[in-house]
Amino acid sequence: MAAFWLMKSEPDECSIDDLARAPGQCVPWIGVRNYQARNFMRDAMRVGDGVLFYHSSCAVPGIAGLAEVASAPHADDSQFDPASPYHDAQSKPDAPRWQCVDVRLVKKTRLLPLTEMRVLPQLATMQVLQRGSRLSITPVTPAEWAAVTALLET
DNA sequence: GCCAACGTTGGC
DNA sequence: GCCAACGTTGGC
């Protein structure tokens, strides 16, 4: 049984349109530098899991499309790139600290704004809506997934 | 730019 | 292992 996730991306870095233009409409989810979020990718995600693609730190934050986990976990190359903002000098190539998965577009949807999500009782349990929640990757329950995907059809 | 909330670091 | 200081996230 596949699981479901919400993954935040800053559209300045990688928007839903950037994902749509990427080769194979697939990108490695680089740049996660939080252990809890890394552990979700490294330990819990499976190929085929559903992903809510969320735009954060932008004019209208919200869910911008549906995607899926498209690879097993692998090393995040940006940790070894001194020119990258995600460079981690402490991480050694023989023991990479940061892992990521590839994420493939399923479909771009209408934008479901955070403000709309906040007033919908069926979404009230979503982790991304909880007070003080900052985690860039959060699990989504089957019920939440069903509610969000239904809303995106409307 | 502000600031609440949370994560990480490092002295002890 | 505690916890204060500092850094980051991310909505507004």
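Distance, A/L129 CG to C/dC12 P: 10 Å, rounded to whole Å. Counting to the nearest Å, the C1' atom of C/dT9 and the CG atom of A/L6 are 15 Å from each other. Atom CZ of A/R97 is separated from atom P of B/dT8 by 11 Å (rounded to the nearest Å). Distance A/I63 CD1 to C/dG11 C1': 16 Å, rounded to the nearest Å. Here the P atom of nucleotide C/dT9 and the NE2 atom of A/H55 are 18 Å apart, to the nearest Å. With rounding to whole Å, A/Q36 atom CD is found 8 Å from B/dT8 atom P. One atom, CG of A/N34, and another, C1' of B/dT9, lie 15 Å apart when rounded to the nearest Å.
Residue A/S136 places its side chain closer to C/dG10 than to any other of B/dC6, C/dC12, C/dG10. Of the candidate nucleotides C/dG10, C/dC12, B/dG7, C/dG10 has the atom lying nearest to any side-chain atom of A/S57. With distances taken from any side-chain atom of A/R134 to the nucleotides C/dG10, C/dT8, C/dG11, the minimum falls on C/dT8. Checking B/dT8, C/dC12, B/dG7 against every side-chain atom of A/Y35, the shortest atom distance belongs to B/dT8.
Between C/dT9 and A/K8, no contact under 4.0 Å exists linking OP1 or OP2 to a side-chain N or O. Considering only side-chain N and O atoms, A/Y54 lies nowhere under 4.0 angstrom from the phosphate OP1 or OP2 of C/dT9.
Under 3.5 Å, the side chains of A/D76 and A/S78 contain a donor-acceptor pair of N or O atoms.
Contact check for A/R33 versus A/P85: no side-chain heavy atoms found under the 4.5 Å cut-off.
Less than 6.0 angstrom separates the ring centroid of A/W29 from the ring centroid of A/F53.
Relative ring orientation between A/W5 and A/F40 is described as tilted, the plane-to-plane angle lying within the 30° to 60° band.
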